[in-house]
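Report on one structure; see the data block that follows.
Quantities reported herein were computed from a predicted structural model and do not represent experimental measurements.
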Amino acid sequence: MPEIQQTGAPEAAAYTQHAKEAYHRKDLLDMAREEARAALLAAAQRAVAAGALPAAPSAAFVVEVPGDAAHGDLAANLALVNAKALGLPPRKIAEAVVAHFPAEDMFEKVEIAGPGFINLFLGQGYYAGVVMAAVLCGGEYGRTDAGRGEKVNVEFVSANPTGPMHLGNARGGALGDCLAEALSWAGYHVTREFYINDAGNQIAKFGVSLAARYLQIVQGPDAVPFPEDGYQGDDIRQRAQDFFDEYGAAPAQKDAAELEQLLIDYALPRNIAALREDLSTYRVHYDVWFSESQLHESGAVDAAVRLLQERGAAYEQDGAIWYKATAFGGDKDEVLVRANGVPTYFAADIAYHADKFARGFTKAIDVWGADHHGHVARMKGALDAIGLDGSKLDIVLMQFVRLVRDGAPVRMSKRTGKAITLTDLLEEVPIDSARFFFNLRDPGSQIEFDLDLAVAQDSENPVYYVQYAHARICSILKALAGDGVAFRQDVAFANLAKLAAPEERALIRQIAAFPGEIVAAAKGYDPARITRYVAELATVFHKFYTACRVKGEEEGLLQARLALCVATRTVLANGLAMLKVSAPEKM
RNA sequence: GCGCCCGUAGCGCAGUUGGAUAGCGCGUUUGACUCCGACUCAAAAGGCCGCUGGUUCGAAUCCAGUCGGGCGUACCA
């Protein structure tokens with residue numbers, strides 16, 4: 001934690017107090033909001049004491065940032081929500097409260113507007129404090145302790161290791177990773193986790209598919225039929241070929257089960273390694289790679305099924321063991337163990353989530369494709385059924401991605417003719433674009449991913465628009481440095497009161513909103529807020545740039561504006577860092 | 001049939017736990033570079049917020065119904 005630097009200038013000393021508070025609280029806007037609320041309630045108390053109000057108003061009102069800056073920095077609906085209970089028109093209540101509003105230097109002006117809103121205008125000290133906080137906190141600006149270190153597990157992608165990752169995994173990767181990042185910035189203790197489905201039906205199918213391809217290589221393409229429901233992909237052929245190159249034709253003599261296992265043992269680790277590598281290229285790094293087979297081997301799956309049976313939440317029928325979903329809010333019961341004795345994915349998933357909570361997480365967040373939504377209720381219900389709290393599991397359901405080129409949907413890869421993989425996508429669009437675009441919409445919305453736009457090198461492309469703002473600021477600093485003008489924090493901080501133009505104020509307000517935006521993204525499981533935030537910040541900066549010059553202004557104003565540029569650059573860089581999108585110094 | 005998600009400007013989307021005159025980008029029309037990066041900015045036009053009713057000081061937002069679209073409803077994962 002860097003020390004707050006004391007500047008020599010006397011005016012700056014007072015402002016530094018704001019910056020200091022911001023540093024500890026990490027969110028000046030939130031602080032102002034709370035102070036506004038407290039001041040309004042105190043004013044109401046005084047109004048009651050003075051006989052101007054019949055009774056104290058309810059505290060159930062909101063203090064929000066109005067959409068229109070003309071309505072102040074903060075607006076309270078205290079008078080509106082209390083009109084009925086107090087039996088007075090809203091404006092009368094507002095007048096009584098405002099008349100007793102304490103004189104505080106934090107609020108410059110308090111107004112009554114519209115049907116009875118109380119609009120509060122923050123003073124220069126606040127605005128200066130925001131700039132200082134961003135400059136002083138630097139790469140830490142935006143971090144808060146809202147999550148109080150709560151241990152959360154974010155599981156995402158968890159792609160099937162039988163093949164390469166598809167577009168849904170690509171979205172899930174960008175979404176889950178940025179969500180984890182937002183949670184971390186918001187003060188949660190985050191673990192990123194990948195669940196490897198290396199057991200069960202699809203692995204058996206994987207083995208059968210590999211064996212068929214291998215035998216086709218050894219005995220000729222028509223010697224062995226490829227199973228109807230086998231994995232068709234070229235990756236399967238490639239693994240079989242690699243295996244043949246290494247071990248020759250001898251393994252073909254083994255019986256089917258033995259050969260399949262041999263091929264699985266050969267191909268699965270390679271596939272998992274490929275997943276890791278592809279995700280790493282995509283800038284996604286996990287803390288934990290959790291293997292499903294481990295749950296089967298340790299007996300955790302059997303134990304979970306037994307626990308359900310003991311608690312009367314499971315029963316046997318037709319040779320299978322069923323989970324009584326109907327007793328826990330589900331609409332139909334589900335098979336846990338098939339008649340052939342093999343547990344289902346569902347049974348393993350119950351054991352898996354029980355394991356997560358046993359590891360001390362108080363919140364488990366899973367990012368799933370929307371096609372799994374039917375699984376949500378029964379998963380939570382099953383956790384309740386084994387005595388864990390299903391509400392501690394949150395599922396972020398992610399809608400599908402539609403690729404579009406030249407205005408027409410793209411279904412297949414041009415090169416392979418098969419479904420488009422993450423690798424295919426990254427061959428065509430920069431990683432920056434992919435990560436940004438997948439986080440442009442909230443998880444619940446279908447995304448239309450415009451391939452033409454994602455590679456466009458102009459302002460139509462939102463990634464470039466934001467990156468350009470960052471590069472532009474770097475360019476200003478460089479141009480000034482070329483003229484022998486360096487950023488001087490002490491001079492800048494002493495002159496922050498000069499930042500009074502509407503465009504400067506708007507930019508500072510946007511900077512002030514950053515910490516709260518991160519908390520909202522984290523708590524709402526919506527990292528798209530960060531993407532939209534940085535785009536908006538870039539817009540507000542460009543407007544400032546057009547309206548206000550830096551170079552050539554008198555020393556005080558120049559330095560103050562330089563501080564604003566540095567603050568903006570910091571916030572842009574931090575926001576982009578959360579998305580793992582690069583913040584170039586020049587483009 | 002039942003369940004989940006979604007209907008906001010020509011297109012793609014925001015709308016801060018119910019707030020003030022419903023916004024943004026693209027597209028269309030019109031402007032702004034002798035000047036810190038015009039990869040930028042300013043302005044105009046463009047709306048039964050799918051529809052109907054309800055809740056209240058106040059609804060795009062909440063509730064009920066209805067229409068339209070997507071997805072799910074396996075001893076698959």
Distance-only check: which donor-acceptor pairs under 3.5 Å involve side-chain atoms of residues 514-527 of chain A, not counting sequence neighbours?
{"from": "A/E517", "atom 1": "OE2", "to": "A/R529", "atom 2": "NE", "distance (Å)": "2.8"}
{"from": "A/E517", "atom 1": "OE2", "to": "A/R529", "atom 2": "NH2", "distance (Å)": "3.0"}
{"from": "A/Y525", "atom 1": "OH", "to": "A/D394", "atom 2": "OD2", "distance (Å)": "2.7"}
{"from": "A/D526", "atom 1": "OD1", "to": "A/A528", "atom 2": "N", "distance (Å)": "3.2"}

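- Of all nucleotides listed (B/rG37, B/rA20, B/rA14), B/rG37 comes nearest to the side chain of A/R472.
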Where protein sits on nucleotides 68-77 of chain B, one letter per nucleotide: B base, S sugar-phosphate only, - none, heavy atoms under 4.0 Å: --SBSS-BSB
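- Between the C1' atom of B/rG12 and the CD1 atom of A/I447 lies a distance of 12 Å, rounded to the nearest Å.
- Distance, A/N461 CG to B/rC26 C1': 12 Å, rounded to whole Å.
- For residues 162-176 of chain A, every residue pair satisfying the side chain to side chain donor-acceptor pair (under 3.5 Å) rule, not counting sequence neighbours, is listed here: A/N160-A/T162, A/H166-A/N169.
- Phosphate contact (OP1/OP2 of B/rG15, side-chain N/O of A/R532, threshold under 4.0 Å): present.
- Spacing of P atoms, B/rA22 relative to B/rA9, comes out at 15 Å, to the nearest Å.
- A/Y465 and A/Y468 have their aromatic ring centers separated by at least 6.0 angstrom.
- With C1' as the reference atom, B/rC51 and B/rG47 are 16 Å apart, rounded to whole Å.
- Residue contacts shown for A/A469 are absent, as no nucleic acid heavy atom lies under 4.0 Å away.
- Judged purely by distance below 3.5 Å, without hydrogens or angles, the side chains of A/N197 and A/E292 pair a donor atom with an acceptor atom.
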Protein proximity profile, nucleotides 6-11 of chain B - base contact B, sugar-phosphate-only contact S, no contact -, cut-off 4.0 Å on heavy atoms: ------
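- Counting non-hydrogen atoms under 4.0 angstrom, A/G67 reaches a base of the nucleic acid.
- For A/F117 and B/rG19, the ring-to-base geometry does not satisfy the stacking test (centroid distance below 5.5 Å, interplanar angle below 30°).
- For B/rC4, the O4'-C1' to base torsion is more than 90° from 0; the nucleotide is therefore anti.
- If you check distances only, the side chain of A/D68 never reaches the base of B/rA22 with a donor-acceptor pair under 3.5 Å.
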Atom pairs, protein N/O to nucleotides 29-32 of chain B N/O, distance under 3.5 Å:
none

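- Put simply, A/Y465 has a side-chain N or O that comes within less than 4.0 Å of OP1 or OP2 on B/rC41.
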Intra- and inter-strand pairs of RNA chain B in dot-bracket (Watson-Crick or G-U wobble, both distances under 3.5 Å; | for another strand): (((((((..((((.....[...)))).(((((.......))))).....(((((..]....))))))))))))....
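- For A/L480 and B/rG37, the CG to C1' distance is 13 Å, given to the nearest whole Å.
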Considering only distance and modelled atom types, tabulate donor-acceptor pairs under 3.5 Å from the side chains of residues 364-373 of chain A, sequence neighbours left out.
{"from": "A/D366", "atom 1": "OD1", "to": "A/K356", "atom 2": "NZ", "distance (Å)": "2.9"}
{"from": "A/D366", "atom 1": "OD2", "to": "A/H353", "atom 2": "NE2", "distance (Å)": "2.5"}
{"from": "A/H373", "atom 1": "ND1", "to": "A/A370", "atom 2": "O", "distance (Å)": "3.0"}

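- Looking at residues two or more places apart in sequence or on another chain, you find no side chain to side chain donor-acceptor pair (under 3.5 Å) involving A/D450.
- For A/F194, the ring pair (Phe, Tyr, Trp, His ring centres under 6.0 Å) criterion is met by A/Y286, A/W289, not counting sequence neighbours.
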Polar atoms only, N or O, under 3.5 Å: list the protein pairs with nucleotides 55-57 of chain B and their distances.
{"from": "B/rC57", "atom 1": "OP1", "to": "A/K84", "atom 2": "NZ", "distance (Å)": "3.3"}
{"from": "B/rC57", "atom 1": "OP2", "to": "A/K84", "atom 2": "NZ", "distance (Å)": "3.0"}

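- Sorted pairs that involve residues 75-88 of chain A and meet side chain to side chain donor-acceptor pair (under 3.5 Å), not counting sequence neighbours, are lacking altogether.
- Annotation: B/rG18 and B/rA60 have their C1' atoms spaced 11 Å apart (nearest Å).
- Comparing the same atom, P, in B/rC62 and in B/rC5 gives a spacing of 11 Å after rounding to whole Å.
- B/rA20 and B/rA59 have their C1' atoms separated by 14 Å, given to the nearest Å.
- Taking the P atom of each, B/rU30 and B/rA64 are spaced 50 Å apart, rounded to whole Å.
- For RNA chain B, the residues of residues 537-550 of chain A within the heavy-atom distance limit of 4.0 Å (strictly under) are A/H542, A/K543, A/Y545, A/T546, A/C548, A/R549, A/V550, sorted by number.
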